[in-house]
Amino acid sequence: ISERPREGGDMPSFVTAPSLIGAEVTIPVSQLVQFVNTHIPSSYKEEGNGPDIRGRVLGIWYTVGTKYSYTVTRGAIQIVPESSSALKISVPVSLRGQGGFRGDGAVILGLDAKNFEADAVLEIVVEPKINSDWCPLVEMSPSYRWTRSPLVEICSRAWIDVTGPVEGALNSQLPPLVAKAKTAIDCARFKSDVARLYGSQSVPISLPWNDKLFVNIEPSDFAFSGLKVDQESLRVAAVLTVKAEVSGTALQAAMLTLPPLKKLENTENTMLSIALPLRLTYDSLTSAVRQAMGGKTFQTDIPSGKVAATINEVKIYPSMDRLVVGIDFDAKFPGKILNTKGSIFIVGKPNVDKGTHVTLKDVSFTRILDNDVWNILSALFDGEIRKAIEESAHYDLSGDIEKAKAALAEKLGDPKTIPGIKVTASDVKMSLGRTAIAASELAIEALFAAKVTMEPNLSADGLIATTP
C-alpha cells in the first residue's frame, strides 16, 4: 500500500579512526632501591693465585708465584636522578685483604701475607635508550672516589699509600667497561623478539546481538618515550597506533615489518583510545525486529468497527542514507470475510542518542499508493505499529557499556592478567560515535578511552623480602 524504496546503501562506510593503545609503566625509586639492595650480595670473597713474577737477585734469575685473598663489603646502594633521563647509582665499598708470595721462603721472610685495604664510593650514571632502528643502547659513565685511600701494610703497623698505582690500574679498565656496556644487549635478538609481537591479530568477543565476532587489529606505528626520571619514580610510556575493527570474520594473523620507532614527547596524555566500527549486518537487525514483531497482531477501533493487522514478515534493508523497515501483513477489515494482504514501508535515519542508544529518527511512511486501504489502516499503523517498530529498532547499549567498563576494570585489576604487574585503568569512558549505512551493513563506531598505568611489583614471588 506504500511505495517500496530502492534497495542499496550508497553511503561509504566511514574511515576507521586510528586507535591508540597507550600505557605508562611506573617504578617507584624506593622500590627499585630495595630491589637492588636485596639482590646484590652485601659482601664478596675471593682468593687465588696471582701471576708469577720473574726477577734477578745477585745476578741469579728467580721466578716467584703470588697469591691473594680479599673481601669486598658494600654499604647501602643509593639510586637518585642524575637528569630527566638518567640515573646515578652510588655504591659504597670496603676492600680488605692480603697478598704476597707463595712458598716456604716467603713465609719465613714474612712476604706471604701483606695486608691491604681501601674504601671508596663507586658511582655509575646509566642512561638506557632505544634508537629509531629499535636497537637498545646503554650509555654508562662510571667513576669512583676514595673515602679511604688504598693502603698496603709493608710491615707491622707500617702502611704506605698506593693510590697512584691503584688508580692507574682502575682507570685503564673503565673505557673497556663502558664499551662493553654499550654492546651488552644483542640488537638483532632484541629486534627479533619485538618483531614477533608486532603483527596483525584477531581477538574473539561477544556482543548482545552477536556472540561470534572478532576485534581485528592491524598496527601501523609505535612511539616510545624513553626513560623519564624524577625524585619519586622511573617512568616509561609507549603508544601503539593500530587500526581496530569489529567484524564477523577473523583477520589472519601475520607478522609485520617493524616501523621506525617514534619519539613520544608528551607522556602526560598517554591514553588507551580505541575506535571500533561495529559492523551490524541487516540480517541481524532484521532478526531483532522480527523477534519483537513477527506474528504479532495489532488492532484498534475505527468508526466502522474493529480493524486488525497481523505482521507476517519484517525486513530491514538500506536505501541511500536511510534504513527501510518493510512489513508484510494480513489485515482484517470490518464487514469483510477475507483478509487483505499488503506491504508497507517505513524509513528512518540511524541515530546515536546520549552516546549509548541507537535509534531511528525522522521515521515516516513512504508514499501511499492505496489510499482506500490506508484510510482504514492509518490509525493502526500510524499508532501502535509505528510505536512498536521504533521500540524494537531501538538498541539501548547503556547497560552493556557499563558492564563492559566494569569487566575491563576488573580484568585489568586481576593480578593474573599480567603477572607481576599492577595495572590500573582510570577515567574509563565508553560511548557510541558515528554511523554509516553501507551496502551490506550498518556501521556504528564504538569509542573507548582510559588512562592506563602499570607498576611492576618487584616484591612479587618473593623477589623482595617484606620488611615489617
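- For Asp328 and Lys341, the salt-bridge test fails: no basic side-chain N is under 4.0 Å from an acidic carboxylate O.
- The existence of a salt bridge linking Arg235 and Asp230 is confirmed by a sub-4.0 Å separation between a basic side-chain nitrogen and an acidic carboxylate oxygen.
- Nearest heavy atom pair, residue Ala120 against residue Trp146, reads CB-CE3, 3.6 Å.
- For Lys191, the NZ atom counts as densely surrounded, since its 6.0 Å shell holds more than 12 non-hydrogen atoms of other residues, nucleotides or ligands.
- Atom CZ of Phe345 and atom CD1 of Ile1 lie 10.0 Å apart (nearest 0.5 Å).
- Nearest heavy-atom pair across Ser304 and Pro334 is O-CB, 3.4 Å.
- Closest of all the heavy-atom pairs between Gln252 and Ser200 is O-OG, 3.4 Å.
- For the pair Glu82/Leu87, no side-chain contact is recorded, criterion being any heavy-atom separation below 4.5 Å from C-beta on.
- Comment: Asp427 does not engage Lys451 in a salt bridge, judged by the lack of any side-chain N to carboxylate O separation of less than 4.0 angstrom.
- Distance check, rounded to the nearest 0.5 Å: CD1 of Ile302 to CD1 of Ile376 gives 6.0 Å.
- Under the 4.5 Å side-chain criterion, counting only non-hydrogen atoms from C-beta, Ile77 is not in contact with Ser90.
- Taking the side chain as every heavy atom from C-beta outward, Leu447 and Leu432 never approach each other to under 4.5 Å.
- Crowding of Glu139 atom CD: a count of heavy atoms from other residues, nucleotides or ligands under 6.0 Å exceeding 12.
- In this structure, Arg74 contributes its side chain and Ser43 its backbone to no donor-acceptor pair below 3.5 Å.
- For the pair Asp221 (side chain) and Val239 (backbone), a donor-acceptor distance under 3.5 Å is absent.
- The shortest non-hydrogen separation linking Ser172 to Pro175 is O-CD, 3.8 Å.
- Ser2 and Thr366 form a side-chain donor-acceptor contact under 3.5 Å, judged by distance and modelled atom types alone.
- Between the CG atom of Leu137 and the SG atom of Cys187 there is a distance of 10.0 Å, given to the nearest 0.5 Å.
- Side chains of Tyr144 and Asn171: a donor-acceptor N/O pair is present below 3.5 angstrom, by distance only.
- Tyr44 and Tyr70 have tilted rings, their planes meeting at an angle from 30° to 60° on a 0 to 90° scale.
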Output, in order, the C-alpha distance, side-chain angles, deciding distance and verdict of side chain to side chain contact (heavy atoms under 4.5 Å, CB included) for Arg386 and Val363. CA-CA 9 Å; Arg386 176 173 177 162; Val363 176; 4.2 Å; yes
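- Here OG1 of Thr286 is found 12.5 Å from CD of Gln291. Values are rounded to the nearest 0.5 Å.
- With a 4.5 Å cut-off on side-chain heavy atoms, Pro219 and Leu256 count as touching.
- By the 6.0 Å contact criterion, NZ on Lys354 is open, its count of non-hydrogen atoms from other residues, nucleotides or ligands being 12 or less.
- Proximity of the aromatic rings of Phe329 and Phe381 is defined here by a centroid distance below 6.0 angstrom, and this criterion is met.
- Shown here for Pro5 and Ser319, the closest heavy-atom pair between the two residues is CB-OG, 3.6 Å.
- Taken to the nearest 0.5 Å, the CD1 atom of Ile79 stands 10.0 Å off from the CD1 atom of Ile27.
- The local environment of CD in Glu46 is crowded, with over 12 non-hydrogen atoms from other residues, nucleotides or ligands closer than 6.0 Å.
- Between Ser94 and Asp119, the side chains place a donor N or O and an acceptor N or O closer than 3.5 Å (distance only, hydrogens not considered).
- Between Pro350 and Ile437, the closest side-chain pair of non-hydrogen atoms falls below 4.5 Å.
- Checking side-chain atoms of Ser287 against main-chain N and O of Asp283 turns up a donor-acceptor pair under 3.5 Å.
- Counting heavy atoms from C-beta outward, Phe298 and Ile311 have side chains that approach closer than 4.5 Å.
- Judged purely by atom type and a 3.5 angstrom limit, Ser273 has no side-chain atom pairing as donor or acceptor with the backbone of Ser19.
- Between the side chain of Arg4 and the backbone N or O of Ile344 there is no donor-acceptor pair closer than 3.5 Å.
- Looking at residues two or more places apart in sequence or on another chain, you find no ring pair (Phe, Tyr, Trp, His ring centres under 6.0 Å) involving Phe190.
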Does the pair Glu384 and Lys296 meet the rule for a salt bridge (charged side-chain N to carboxylate O under 4.0 Å, His left out), with working shown?
CA-CA 12 Å; Glu384 290 188 42; Lys296 189 173 182 179; over 6 Å; no
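- Nearest heavy-atom pair across Ala308 and Gln299 is CB-CB, 3.8 Å.
- A distance-only check finds no donor-acceptor pair linking the side chain of Asn131 to the backbone of Trp134 [under 3.5 Å].
- A donor-acceptor pair is defined here as one N or O able to donate and one able to accept, closer than 3.5 Å; no such pair exists between the side chain of Ser202 and the backbone of Ala250.
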| message | Go through it in stages, so that I can follow the logic: the residues are Asp330 and Asn312, the test is side chain to side chain contact (heavy atoms under 4.5 Å, CB included), and I'd like the CA-CA distance, side-chain angles, deciding distance and then a yes or no. | response | CA-CA 7 Å; Asp330 281 349; Asn312 295 329; 3.2 Å; yes
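- Residues passing the ring pair (Phe, Tyr, Trp, His ring centres under 6.0 Å) test with Phe365 are Trp374, sequence neighbours excluded.
- Between Asp362 and Arg322 the shortest side-chain heavy-atom distance falls below 4.5 Å.
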Go through it in stages, so that I can follow the logic: the residues are Val325 and Leu360, the test is side chain to side chain contact (heavy atoms under 4.5 Å, CB included), and I'd like the CA-CA distance, side-chain angles, deciding distance and then a yes or no. CA-CA 10 Å; Val325 181; Leu360 285 180; 4.3 Å; yes
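- Side-chain atoms of Asp382 do not come within 3.5 Å of backbone N or O of Ser378 as any donor-acceptor pair.
- No side-chain N or O of Asp353 forms a donor-acceptor pair with one of Thr359 less than 3.5 Å apart.
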Q.
Apply side chain to side chain contact (heavy atoms under 4.5 Å, CB included) to residues His357 and Val352 and explain how you reach the verdict.
A. CA-CA 6 Å; His357 294 62; Val352 173; over 6 Å; no
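- Of the inter-residue distances, the one linking Ile217 atom CD1 with Leu251 atom CG reads 9.5 Å to the nearest 0.5 angstrom.
- With a 4.5 Å cut-off on side-chain heavy atoms, Val91 and Val121 do not count as touching.
- Under a 4.0 Å N-O distance rule, the pair Glu127/Lys88 does not qualify as a salt bridge.
- Within 6.0 Å of atom CD in Glu313, more than 12 heavy atoms from other residues, nucleotides or ligands are found, so the atom counts as buried in its surroundings.
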